[in-house]
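For reference, the structure discussed in these notes is given below.
All figures in this text were calculated on a predicted structure; none of them were measured in a lab.
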Amino acid sequence: MSTVDAASAKASQARRNYSFLFALTLLGLLVLLWVVLAIATPNFMSDKNISNLLRQGSMIAILAVGQTFVIITAGIDLSVGAVVGFTTVIIALLINAGVPVWLSILITLLVGLGIGLFHGFGITKMGLPPFIITLATLTSLRGIGLLITNGSTISIENDDFTAFATKDFLGIPSLFWMVILVAVPAYIFLNHTRWGRYLFAVGSNPESARLSGVRVNAVIYLAYALSSLFAAFVGVLLATRIGIGNATQAEGWELQAIASTVIGGSSLFGAVGSVHGPLIGAFILATINNGANLLNVNSFWQRIITGGLIIVIVYFDQLRRRGR
Amino acid sequence: MSTVDAASAKASQARRNYSFLFALTLLGLLVLLWVVLAIATPNFMSDKNISNLLRQGSMIAILAVGQTFVIITAGIDLSVGAVVGFTTVIIALLINAGVPVWLSILITLLVGLGIGLFHGFGITKMGLPPFIITLATLTSLRGIGLLITNGSTISIENDDFTAFATKDFLGIPSLFWMVILVAVPAYIFLNHTRWGRYLFAVGSNPESARLSGVRVNAVIYLAYALSSLFAAFVGVLLATRIGIGNATQAEGWELQAIASTVIGGSSLFGAVGSVHGPLIGAFILATINNGANLLNVNSFWQRIITGGLIIVIVYFDQLRRRGR
Amino acid sequence: PAAAEEVTIPIIVKDTTSFYWQIVLAGARAAGKDLGVNVPELGAQSEADINGQITILENAVAGKPAAVVIAPTEFKALGKPIDEAAKSVPIIGIDSAADSKAFTSFLTTDNVEGGRVAARGLAAAIKAKTGKEAGDVALITALPGVGSLDQRAKGFKEELAKYPELKLVADKVADGQATTGLNITTDLLTANPNLVGVFASNLIMAQGAGQAIAENKVADKVALIGFDNDDKLVGFLKDGTIAALVVQDPYRMGYDGVKTALAASKKEKVEAFVDTGANLITKANMDEAKNAALLNPKVK
Amino acid sequence: MSATHLATPEAAPLASGDIILELRDLEKRYGPVLALKPASLAFRRGEIHAIVGENGAGKSTLIKLLTGVIPRTSGDIRWNGKSVSLATPQEAIDHGINAVHQEVMLCRHLSVAANIFLGDETVRFGLLQKRDMVRAAQAILDDMGFQLPAAAQLDSLTIGQQQLIATARAAKRGTKFLIFDEPTAYLTRQEAAQLFTLIRRLKAEGVTIVYISHRMEEIFELADRVSVLRDGQMVGTRDIAATDDNELVALMINRTIEQIYHKEQIPFGETLIEARHLSGKGFSDVSLSIRRGEIVGLYGLIGAGRSEFALSLFGRNPKTAGEILWKGKPVSITNERKAIDLGIALAPESRRDQGLNLNLPIGLNLNLPIYERLTKGFVISSGEEARRADKQIRDLSIKTPSRRSLASSMSGGNQQKIVIGKWLNHGADLFIFDEPTVGVDVGTKAEIYRLFAALLKEGAGILLISSYLPEVYELADTLHVFRSGRLVGSNPFHGASHEEVLAEAIGV
Ligand SMILES: Nc1ncnc2c1ncn2[C@@H]1O[C@H](COP(=O)(O)OP(=O)(O)OP(=O)(O)O)[C@@H](O)[C@H]1O
Ligand SMILES: Nc1ncnc2c1ncn2[C@@H]1O[C@H](COP(=O)(O)OP(=O)(O)OP(=O)(O)O)[C@@H](O)[C@H]1O
Ligand SMILES: [Mg+2]
Ligand SMILES: [Mg+2]
């Protein structure tokens, strides 16, 4: 036995180092990108550009964290992009209607929450596949938003609100502070609360979770509610950044969010995921675009390179994992 | 034991009736839509509109069948839309370069095949999740296509080729004949050949398939090769239909194809799928759009309705299944 | 390095994937060559991607250029970012306006005017086909939430109102796909037997609509007006599938944009506002030198 | 025709006794875990060779190596004297090496026939001959004496039935070397008997059989020779005639256990639960009650409806009629939480489908029912979480590197321990154990039975569902017998003989 114990001790040791290493690896790849770019173009490391970069990655990062909760339960939320666009309209209308900003934000977040609960309902009570119910809301929400605005754009008449996105605090852009504001509780929630554990349990084997007394349906409601809530929050941030409400905004952001999550090491088959992963994933994508712009890469090449880099990065990540 | 024997016999019996019934149900929903529309607008049942409808549904239908092969293996192919757009460019260039049409088509299909094989390689050899590798090609292919065309549209200088899409044969539009041309072999392949069966086996339990000596990797290559091949074929059809090569075309068609497949009863967790399902699914979506146009429904309402109907249809389908 | 000495003037368009903007970029490229200026060609991937364009503007300014030429994708949204950018470099606006006083100079086609031109052209074409300015007409917009397209629709409807006999029976918004434009037009033809005119308000929609007109062989009954141009549309114009094209002068916008920017960066006096105009080109006048030049810009 | 299905003719005539397969210093590592220490062993043609060992001893690992499922770390395998790589399952199959694995390895979405012929379908003109295959599959099943429908969908069968299908699939091909990894774990006596007949027949046809089991009596009934594994170490091979179970157990666990079935008479307390004329999916009109300090046994054939009964006591399946009294008061147990809150615990029948979150850490599996308790304020107290997990791992001697390793990396028996451990962790008044000792080694079995006694002492009651008659027979204070969904007999402790109980179960 003792031999096994010794061995096992080493094993778990290794595994712990590993998961640490993996996080590091992705971070490493991000840092690598930065170093390369810093050498390639003088402007990259300028404070101005770094804060641009942080601003540009923030919104997808937050979406990706929300998406991760859903993906851990082996689900998927295609609606987040549409929710972002839709909520920019909601908050624009509220603010222009003279509702106090804090209240407008609160209501907008509640709208997001409602959408998420509807997804939960569709999945648990109506038995719809997550892909379908969220695809349906994706389609419908854009329609509703366009209907409300009659396809036009609502300019937000409140400069304090629209100024927020450009503000800095301690030299760090306000938008990035919002990422921190979301990520820290998200991390605690996922890794240090029972509901976090339940997300994994449901994603791994709902039947076993259920027979262990986990309220599986409640967990699913929770996951989708959080995803939509985060999306609504991003909607608020986007509204401050572009100063308008427009239902067609954030098109395709769901794919970027899912990509960030998967790049960050989550499995679409559930039960695997973290909070730091999607954050790093999102900023890897943001860095690629930012760098390409600074290097004045032709925007067509930019797409090609993005695709290629996604493959390379995830491939290296795979290698690490096999290394287990 | 005889009781159990009987029991299970009944069970499978039931299931067979069921799958028949289910096909009927979806078809029923489609017919229902048609009846409603026929009553709502005189123009709907006109030969002209029916053949328009058949034309409009054809391309997504073919994509959906290809997608089904992938989904049965518990995979997903996000690249099909991009492949369609990309291949319109390829065939446009070839034909304008004076390459004989048959040869141009052949080369285009081979290009599609190559893309599919690349996906197979990424998944089996590089260990990338299907979502990631196909998302990456989606991004890159559009880039390459735009680079080749410098963002412009190539108008195809060959009237026989571009005339094809508008032709009829036995009063049925040529495009719909293409659906039949694809669906019949696809049906035989999926239900009456060992490779078709292996698709299900791999989707159901790859380990078990492997233990039985099934070459799992080969099966995966096959699924993605077929999906991309079908997409390339749709690219050819699209080129004949709109008479241009343009890399940005067919954007979002991957989601429509996946939706059709899932509406058609496939499970994104694999091992469940048919050929008739996605076909019906695709024509349900086509009917919704065609009907909305005829009834001159506001474009924004159209989106809302589409989303709603998707939920309703899949919900009823779920009910049937629970009825099992 | 080398880039540091030579003057850099990035040009930011709305959507690099559309041919129209490629012409603008071509003009800018030519100006760059003629004036010995380095002209990075930037732009979002879709005209609806406002956040994308803001991001690109931020990045461009971070590159410390001599000036920036930009086609603001949304009036209000780009206002603040442009004010912000203008603090460090001169900003030259092209094609569309933005909610900012900070532009050093401004070269634009008025898209509302473009819509009006289309309406007049449509009325004329209908008269030519049916002998009277009467009947049902339809408007097809490529994408919702795109400033320039909304302005064209606005202008088109305002002007159309001046023709009491012309009834706008359908105002469709597609998803940016030629195939969708084709399907919509086909269905409109089915649904409205006495449809006499269609305005497809951008390149891709015109391609789809044109295909539908050709497919249903109704060119003699239904007048189609397109916006912007490429080989395909010129082909349609030649064979009469399309009655007329509203054509702006994107090449000049690009060229003069960069030229003006260079001047501005050297603190020279520049024209504050230039209208590059929108022209109606029909089969009849397409061979006039000016129009011929507009119809085949020197892109490559 | 039957014979051709069972073994290729050329395999039959060969002189038995010579070496067909030999291992030389075969070794397997999983990272730092040495699952199989360098082992050497020779299998004779046409013999039935049993392999025994504790949970986690390395039996399944050995099998997986022989069938090309996992690559060996080092060592040599010789097939008919020639060294073979056995890199892929296909290669093993081509040699004629087949196995029935411990975890049923089938495609539940496919039909029985499709599963049996997976990998070598009957094809004509490139088209599957489905009818022929169903017919052939049915012939194989009938011929093996398994009365199962070849046309049925696999997931319409119970685990036990699926195990038989897996057997049929492995035995069908031109098998020369056939391995069974705990084949009877989910089988009832009748089915086990059928299986033994089949095995003897295969032996007569010259097929070499490797037979892994934790049930001693089976070893002695079947095997010619037996080899013992301990901690991945091959510790000896015996002729069956020259050994007895005491010696084997001693070799396996390095100590002797005086008596496996540990039973103390404990005075019964209040009635915990009482089912009155309860009906539901799979069973109907069942009345029984369980008192504190009592073990109530449910025996029956597979598919008799015991699990379904248990599941509706636990609130997983709705009852269609009848009522449940908890401590005398009528209760409606509409979901699992209600059951758990009342004080009912269920260790379900299928560890993979119902019992475990395979791709999650052992610790999480063990603590899943008690996270509510582990939560201090808003967050989980990680110290407490670790302590609870490690305690169970120690108490049940679950063999694992750490609570962090995934449940999927556990050996079959150790997985079973986790399923039970999670409820010991939680605690309850009434424990429902559905097939609790499936795949559990003798030593651990004894521990589990002793643990039952401990639970009873603490005043708990136990509902023990088992298809393994000796177990329920020796442990149950009251032994109820199920037949096709009905309770057909109730016997006090040792109130009826094995044969009588069996008769009740079969209904003769
Ligand atoms: N995939 C794996 N990764 C890491 N360790 C593993 C893996 N599979 C098995 N092991 C370890 O190898 C050892 C032997 O496992 P094996 O399944 O061979 O035991 P076994 O003799 O079959 O036990 P049982 O009788 O319970 O089935 C165990 O300690 C187990 O934890
Ligand atoms: N997965 C399943 N699908 C369909 N029917 C099932 C399934 N499992 C069991 N049944 C049916 O439910 C009834 C009871 O099965 P159950 O498993 O409860 O029997 P059991 O007495 O628990 O035997 P065992 O638990 O040993 O399999 C039987 O008619 C059986 O055929
Ligand atoms: Mg084992
Ligand atoms: Mg059972």
Please check if any side-chain donor atom of C/W21 sits under 3.5 Å from a side-chain acceptor atom of C/T16, or the reverse. no
Please look at C/D15 and chain B and tell me whether the side chain, the backbone, both or neither of the residue comes under 4.5 angstrom of a heavy atom of that chain. neither
Ignoring hydrogens and geometry, is there a side-chain-to-backbone donor-acceptor pair from C/E41 to C/R29 under 3.5 Å? no
For chain C, find which of B/N289, B/L295, B/N52, B/T41 contributes the most heavy-atom pairs closer than 4.5 angstrom. B/N52
Counting heavy-atom pairs under 4.5 Å with chain B, the top scorer among C/T180, C/D175, C/N183, C/D230 is C/N183
Engaged part of C/L233 at the chain B interface, taking heavy atoms whose separation is under 4.5 Å: neither
Heavy atoms only, distances under 4.5 angstrom: which of B/E251, B/Q302, B/E157 has the most pairs with chain C? Name it, please. B/E251
Under a plain distance cut-off of 3.5 Å, with no hydrogens placed, do B/N290 and C/D187 share a side-chain donor-acceptor pair? yes
Leading residue by heavy atom contact count with chain B [cutoff under 4.5 Å; candidates C/T179, C/T186, C/D231, C/L203]: C/T179
Any Lys/Arg nitrogen of B/R55 or B/D168 sitting under 4.0 Å from an Asp/Glu carboxylate oxygen of the other? yes
Under a 3.5 Å distance rule, please check whether C/D136 uses its side chain to pair with a backbone N or O of C/L195 as donor and acceptor. no
Contact class of B/F44 relative to chain C, heavy atoms under 4.5 angstrom: neither
Could you tell me which of B/L294, B/L146, B/T166, B/N246 has the largest number of non-hydrogen atom pairs under 4.5 Å with chain C? B/L294
Can you say whether the rings of B/F176 and B/F283 are parallel (under 30°), tilted (30 to 60°) or perpendicular (over 60°)? perpendicular
Whether C/K14 and C/D95 form a salt bridge (side-chain N of Lys/Arg under 4.0 Å from carboxylate O of Asp/Glu) is what I want to check. yes
Give, as side chain, backbone, both or neither, the part of C/P144 having an atom under 4.5 angstrom from any heavy atom of chain B. side chain
So which part of C/A212 gets closer than 4.5 Å to some heavy atom of chain B, the side chain, the backbone, both or neither? neither
Looking only at C/K172, C/Q177, C/K232, the option with the highest number of non-hydrogen pairs under 4.5 Å against chain B is C/Q177
Has the side chain of B/W253 got a donor or acceptor atom that lies under 3.5 Å from a matching backbone atom of B/V84? no
Portion of C/L182 that has a non-hydrogen atom of chain B nearer than 4.5 angstrom: side chain
Applying a strict 4.5 Å limit to non-hydrogen atoms, the region of C/Q207 in contact with chain B is side chain
